[in-house]
Chemist: 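Before anything else, here's the structure in question.
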Amino acid sequence: MITVQGLTKRYAHTLAVDHISFEVQKGQIVGFLGPNGAGKTTTMRILTCFLPPSEGTATVAGFDVLDQPMEVKKRIGYLPETPPLYPEMEIGEYLTFVGKLKGMSGASLASRVEEVEERCAIADVRNKLIGKLSKGYRQRVGLAQAIIHNPEVLILDEPTAGLDPKQIIETRDLIRSLAPDHTILLSTHILPEVEQTCEQVLIINKGKLVATDSVHNLQNRARGAESVLLEVEGRNGAVDAQTIQHRLETVSGVSRVLFKETRSNRSVFEVESLKDRFIRGDLARAIVESGWNLNELRPSAVSLEEIFLQLTGGEKADEPAPAEAVVQGENQ
Amino acid sequence: MRNIWVICQKELHSYFVSPIAYVLLTMFSLIFGYVFWNEVRIFNLESLQAQMSGQAPPMNVNEMLIRPVLSNGLIGFIIVVLIVPLITMRLFAEEKRTGTIELLATSPIRDIEIILGKWLAALALYASLLFFTALNFGFLFKYGNPDWRPLAVGYLGLLLEGGALLAVGTFISALTRNQIIAAVGTIGVFLLLWILEWPSGYETATWAQVMAYCSVNKHYESFTKGVLDSKDAIYYISLIFLGLFLTSRSMESLRWRS
């Protein structure tokens, strides 16, 4: 549905998007993940024909964004980061206006406006001025305008930003409910959002696409396999870190041994297990039987967050806001 | 065509739902009414004097009342420096500030349709201002017998001048996301366009003539006399095209730069 190839966007002094390529299949919900300023919005703006690419091509539903922007625009519903609302309009008026902009008219538009109002749970406030709505309602009106013309592709830029936990859940449910008929690309910098809403994830950092995978695979990487941090000390004098590494690699169930650092004669490793294998006992035995001291052994949990931070070169994993924690709690 | 109307309707809705339109209508009608009342008083006094001194000059309502009102410097000044900038300042600047420009630019509608819709809405508001001033002249037809054609030409002149200025104002509004800057920029440009004719008062060189030709007010004079001069009409029409063309360029550059 969406094909992006070697897409690049240069602003005067910065490279916002650097040769990214990806594909989104019909009917998928794809999360576009990255820290602020990674190039998510720019990519989305190119896909919606708001900005032209500097290099590369992007096609939506088979139409090129540069050559046939009108065809692309007809097939895209777009919710920018700040919902494009006119505060002096009532919700019904606004949706009718957007519908007309997208080429709808008459009775079909009127019934579609009602349908969308029901679907986005804004029917009870349809005669309210948009300027008087709360943030959550505005976001829903924003979503309503994106789907008014029943587009094949939905592009949502941080659809849950600034909402309270309850509203976030409602918005996610709404997005999920749209999935069967629409192809959705949504951006976010909140990880649980991707886990809960998306099937596929694109991780972007500093304009570069650093990973593309299904959420399922990423979660397996996060949950199925075990990762252990080890600190090993030679009992009589220093032991070559390489010797230890070779020994650890021979333990059954180990998929990868990563040498971290050496402090005096102690070496630190990170060991990853194969999927669904429990390796801590075997590791401990192997080390002790080799005549070394096992100073420390602790599981290092690989969460989606860590994968994300590894890939994007971020600092610490304490990123998600408290609100997010609440949401997760409510969901489980 | 339909898209132009959709945009135009939306803009008119914004004008008339907010106080802008009503404040402009009230204030302009008041001032115009005062100017009109004043000219009527002068006209009456003059005709009285003429009678007392025994002469009976042909007192022409068109020449001595309608023309002074239409060519009144204050009215022209208010239109150029207040009315038009206040109407156009929000057209694009507001959409850029609130981000709604993204909605317009990502909808299947062409830039020129957006621009024409907005300009036509501004023109409609401006025309409604003129309509209320025209009511004043209605009294003249009730009590006198003026020729309506010079009056119509005068209003055509006002409409053309307004249309041209609105087009330039639309362009300036498209350059910024700040309405105040748009308004101040527009006022500045219009004032310059207004006083461009000054050197032609003492200078006969070609450059002074060219400057006078570019001056926006100069071309309005003939209309107030009831003369429909193609030179002046063409000036305004080309200014409309220039303004709208520059706006479309500016919208396009918005996409390439932003």
Side-chain angles (χ1 to χ4, degrees), chain A residues 9-12 16 41-42 44-54 60 63 65-66 68-90 93-94 96-105 109 129-131 138 142 145-146 148-149 151 155 157, chain B residues 1-23 89-118 120-121 125 174 177 179 248-258:
Chain A
K9 179 69 188 175
R10 262 180 228 101
Y11 293 129
T41 299
T42 303
M44 293 185 141
R45 283 182 164 173
I46 293 172
L47 286 176
T48 53
C49 309
F50 185 67
L51 292 178
S54 310
V60 176
F63 296 100
V65 292
L66 268 186
Q68 290 158 299
M70 283 297 160
E71 297 303 318
V72 173
K73 288 174 184 179
K74 276 182 206 160
R75 288 164 177 81
I76 275 192
Y78 176 40
L79 172 63
E81 214 168 334
T82 23
L85 307 174
Y86 295 100
E88 73 274 6
M89 284 192 191
E90 289 168 10
E93 277 172 353
Y94 171 72
T96 309
F97 165 65
V98 178
K100 284 181 185 167
L101 269 187
K102 310 283 180 187
M104 304 168 76
S105 61
L109 173 58
L129 283 181
I130 290 175
R138 279 172 197 231
Q145 66 81 23
I148 186 87
H149 54 308
I155 295 193
D157 200 352
Chain B
M1 206 51 211
R2 181 185 160 275
N3 288 337
I4 297 175
W5 176 232
V6 170
I7 297 284
C8 182
Q9 259 182 318
K10 176 232 140 202
E11 291 300 328
L12 280 176
H13 176 270
S14 316
Y15 278 131
F16 282 95
V17 111
S18 72
I20 304 178
Y22 303 104
V23 171
M89 67 178 192
R90 51 167 289 282
L91 279 180
F92 279 95
E94 193 178 32
E95 305 248 18
K96 285 170 90 171
R97 186 181 54 83
T98 60
T100 45
I101 193 82
E102 267 190 88
L103 169 65
L104 299 183
T106 58
S107 293
I109 165 172
R110 284 178 300 156
D111 284 0
I112 193 68
E113 293 172 323
I114 300 173
I115 294 164
L116 279 176
K118 281 174 176 289
L120 283 174
L125 173 59
R177 47 192 295 137
Q179 291 193 45
S248 81
R249 295 284 93 181
S250 157
M251 262 196 93
E252 208 170 295
S253 81
L254 178 88
R255 300 180 175 214
W256 291 98
R257 281 179 302 143
S258 66

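Throughout, a chain's letter reflects where its sequence line sits, starting with A, and its residues are numbered from 1. No experiment lies behind these values; they were computed from the predicted model shown.
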Chemist: Heavy-atom pairs under 4.5 Å with chain A - which of B:Gly99, B:Ser18, B:Ser14 has more of them than the others?
Modeler: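 Among the listed options, the one with the most contacts to chain A is B:Ser14.
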
Chemist: Could you look at B:Val6 and say if it's the side chain, the backbone, both or neither that has a heavy atom under 4.5 Å from chain A?
Modeler: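 Contact with chain A is through both the backbone and side chain of B:Val6.
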
Chemist: Restricting to non-hydrogen atoms, name the atom on B:Thr106 and the atom on A:Phe50 that form the minimum distance, rounded to 0.1 Å.
Modeler: CG2-CB, 3.9 Å

Chemist: Should B:Glu102 and A:Pro80 count as side-chain neighbours, where that means a heavy-atom distance under 4.5 Å?
Modeler: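 They are in contact (side-chain heavy atoms under 4.5 Å apart), so the answer is yes.
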
Chemist: Which distance, rounded to the nearest 0.5 Å, do you find between the CD of A:Glu88 and the NZ of B:Lys10?
Modeler: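 Separation between the atoms: 7.0 Å.
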
Chemist: For the atom pair CZ (B:Arg97) and OG1 (A:Thr82), what is the distance rounded to the nearest 0.5 Å?
Modeler: 11.0 Å

Chemist: Is chain A contacted by the side chain of B:Gln9, its backbone, both, or neither, given a heavy-atom distance below 4.5 Å?
Modeler: side chain

Chemist: Counting only heavy atoms closer than 4.5 Å, note whether A:Glu81 contacts chain B via side chain, backbone, both or neither.
Modeler: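 Neither the backbone nor the side chain of A:Glu81 comes within 4.5 Å of chain B.
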
Chemist: If we define contacts as heavy-atom pairs under 4.5 Å, which of B:Thr98, B:Asn3, B:Leu104 has the most with chain A?
Modeler: B:Leu104

Chemist: Under 4.5 Å from any heavy atom of chain B, what part of A:Leu85 do you find: side chain, backbone, both or neither?
Modeler: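 The answer is the backbone of A:Leu85.
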
Chemist: Could you tell me which non-hydrogen atom of A:Lys73 sits nearest to which non-hydrogen atom of B:Ser107, and how far apart they are?
Modeler: CD-O, 3.2 Å

Chemist: Could you tell me the separation between the OH atom of A:Tyr94 and the CG atom of B:Leu103, rounded to the nearest 0.5 Å?
Modeler: 5.0 Å

Chemist: Measuring heavy-atom distances to chain B, does A:Val72 have an atom under 4.5 Å in its side chain, in its backbone, in both, or in neither?
Modeler: neither

Chemist: Answer with side chain, backbone, both or neither: which region of A:Glu71 has an atom nearer than 4.5 Å to a non-hydrogen atom of chain B?
Modeler: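 The answer is neither part of A:Glu71.
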
Chemist: Under 4.5 Å heavy-atom distance to chain A, tell me which part of B:Glu113 shows up: side chain, backbone, both or neither.
Modeler: neither

Chemist: What's the spacing between B:Ile109 CD1 and A:Met70 CE if we round to 0.5 Å?
Modeler: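 With rounding to 0.5 Å, CD1 (B:Ile109) is 8.0 Å from CE (A:Met70).
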
Chemist: Say you draw a straight line from NZ of A:Lys100 to CZ of B:Arg2; how long is it, rounded to the nearest 0.5 Å?
Modeler: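 CZ of B:Arg2 is found 7.5 Å from NZ of A:Lys100.
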
